[in-house]
Amino acid sequence: ARKVGVILKFLRKNRFNILIVFLVLVLIVVSFYMLWVHVPYSKHKNEITSIENVIVKENNYSNVKYFDRYNSDKSYYIIRATKGKKQQYAVFDEKYKLIKSYSGDVVDQQVCINAFKEKYKQEPSEVSVGYENEIFVYCLMYQGKDSLVYAFYGIDNGEFVKAYRIDNG
């Protein structure tokens with residue numbers, strides 16, 4: 001009981017200093033988050049948006065439905081937008097040069113998700129549009145505690161193109 005009384009007396013006597021130390025620690029944590037997480041993320045998003053604006057302007061696109069950077073053996077920019085009166089997918093290299101466009105029929109991504117679930121017995125955690133083997137693909141990714149699976153299905157017909165599986169352990 002005597003030790004508890006000594007501790008409480010110390011806390012009462014130094015509560016202002018303890019509060020200041022606590023607030024400084026909170027400030028350090030928030031500063032760390034802003035500098036090492038939020039600022040790089042915002043910078044990356046702004047960079048992608050400015051690249052999108054350049055590609056849209058130079059190629060006369062409108063009604064952009066999808067734009068993202070896709071990393072494979074090289075880095076690409078993929079856009080889904082309207083050009084003229086046609087909705088199309090287009091892929092650009094890092095110098096914003098058009099590599100290929102596609103304005104044909106596009107299979108619903110749910111068809112590819114169902115095929116993935118049937119083959120791998122898992123729900124994909126991410127679905128994006130990619131460019132593999134010189135065709136537009138849906139890239140389905142599953143990350144579990146034991147493995148990482150990337151599977152690619154053509155956006156024109158939903159057929160399996162290729163897959164990578166990395167197992168832990």
Side-chain angles (χ1 to χ4, degrees), residues 29-30 32-169:
V29 169
V30 169
F32 174 81
Y33 173 79
M34 291 300 290
L35 291 173
W36 280 276
V37 177
H38 182 71
V39 170
Y41 175 80
S42 296
K43 186 177 177 185
H44 173 73
K45 281 296 184 191
N46 290 338
E47 179 184 324
I48 293 291
T49 301
S50 68
I51 292 168
E52 176 183 353
N53 292 338
V54 168
I55 289 174
V56 166
K57 185 176 180 182
E58 287 182 0
N59 295 278
N60 299 317
Y61 286 114
S62 62
N63 197 19
V64 177
K65 301 245 190 254
Y66 179 88
F67 185 88
D68 205 1
R69 181 181 178 126
Y70 179 74
N71 295 309
S72 181
D73 55 334
K74 297 178 184 172
S75 291
Y76 302 104
Y77 298 101
I78 298 176
I79 188 170
R80 181 177 183 203
T82 303
K83 185 165 188 168
K85 293 186 179 185
K86 283 190 168 184
Q87 185 75 220
Q88 70 174 219
Y89 281 96
V91 62
F92 294 84
D93 65 13
E94 287 189 319
K95 296 179 179 168
Y96 318 143
K97 181 178 165 255
L98 178 66
I99 295 174
K100 186 175 183 177
S101 65
Y102 175 77
S103 57
D105 291 335
V106 175
V107 71
D108 183 17
Q109 75 179 20
Q110 191 60 47
V111 170
C112 300
I113 291 170
N114 293 342
F116 184 93
K117 288 193 315 195
E118 186 176 316
K119 186 170 187 162
Y120 298 103
K121 310 294 185 240
Q122 298 291 340
E123 180 84 26
S125 47
E126 186 178 312
V127 179
S128 61
V129 176
Y131 185 70
E132 295 285 335
N133 297 4
E134 299 183 6
I135 61 171
F136 290 95
V137 294
Y138 285 118
C139 174
L140 288 80
M141 193 250 324
Y142 165 75
Q143 184 172 6
K145 67 177 186 168
D146 296 328
S147 65
L148 175 64
V149 177
Y150 285 97
F152 303 92
Y153 296 84
I155 65 167
D156 56 345
N157 56 15
E159 288 188 19
F160 178 80
V161 175
K162 65 181 177 179
Y164 300 107
R165 180 185 186 115
I166 302 167
D167 293 317
N168 292 342

Is there a donor-acceptor pair under 3.5 Å between the side chain of [X] and the backbone N or O of [Y]?
X: Y120; Y: E123; result: no
X: N168; Y: K145; result: yes
X: K83; Y: Q88; result: no
X: T49; Y: K45; result: yes

How long is the gap from [atom1] on [X] to [atom2] on [Y], to the nearest 0.5 Å?
X: E159; Y: C112; atom1: CD; atom2: SG; result: 10.0 Å
X: S42; Y: E47; atom1: OG; atom2: CD; result: 12.5 Å
X: I166; Y: S147; atom1: CD1; atom2: OG; result: 9.5 Å
X: Y77; Y: I55; atom1: OH; atom2: CD1; result: 7.5 Å
X: C139; Y: I155; atom1: SG; atom2: CD1; result: 13.0 Å
X: Y131; Y: I99; atom1: OH; atom2: CD1; result: 6.0 Å

Going by heavy atoms in the side chains, are [X] and [Y] under 4.5 Å from each other?
X: Q122; Y: V149; value: no
X: F67; Y: I48; value: yes
X: M141; Y: L148; value: yes
X: V129; Y: D68; value: no
X: Y138; Y: V106; value: yes
X: D73; Y: E132; value: no
X: D156; Y: I135; value: no

Just wondering, more than 12 heavy atoms not from N71 lying within 6.0 Å of its CG?
->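 Counting neighbours around CG of N71, more than 12 heavy atoms of other residues, nucleotides or ligands fall under 6.0 Å, so yes.
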Heavy-atom count around Y150 OH within 6.0 Å, excluding the residue itself: above 12?
->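 No.
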Closest approach of [X] and [Y], non-hydrogen atoms and distance?
X: K85; Y: T82; result: C-CG2, 4.3 Å
X: Y153; Y: G158; result: CD2-O, 3.4 Å
X: S62; Y: A81; result: O-CB, 3.5 Å
X: E94; Y: S75; result: OE2-CB, 3.1 Å
X: F160; Y: K162; result: CZ-C, 3.4 Å
X: L98; Y: A90; result: CD1-CB, 3.9 Å

Is there a donor-acceptor contact under 3.5 Å linking the side chains of Y76 and K74?
->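 There is no such pair between these side chains.
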Test item: side-chain donor near acceptor, N114 and Q110, under 3.5 Å |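 Their side chains do contain a donor-acceptor pair, which is all the 3.5 Å distance test asks for.
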Does a salt bridge link K97 with E58, judged by any charged N lying under 4.0 Å from a carboxylate O?
->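 Here K97 does not pair with E58 in a salt bridge, since their nearest N and O are not under 4.0 Å apart.
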Option among V127, L140, V111 that satisfies the side-chain contact (heavy atoms from CB on, under 4.5 Å) test with F116 |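 Looking at V127, L140, V111, the match for F116 under the side-chain contact (heavy atoms from CB on, under 4.5 Å) is L140.
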Quickly, which of Y66, Y89, Y61 forms a side-chain contact (heavy atoms from CB on, under 4.5 Å) with I79? Name it, please.
->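 Among Y66, Y89, Y61, the one meeting side-chain contact (heavy atoms from CB on, under 4.5 Å) with I79 is Y61.
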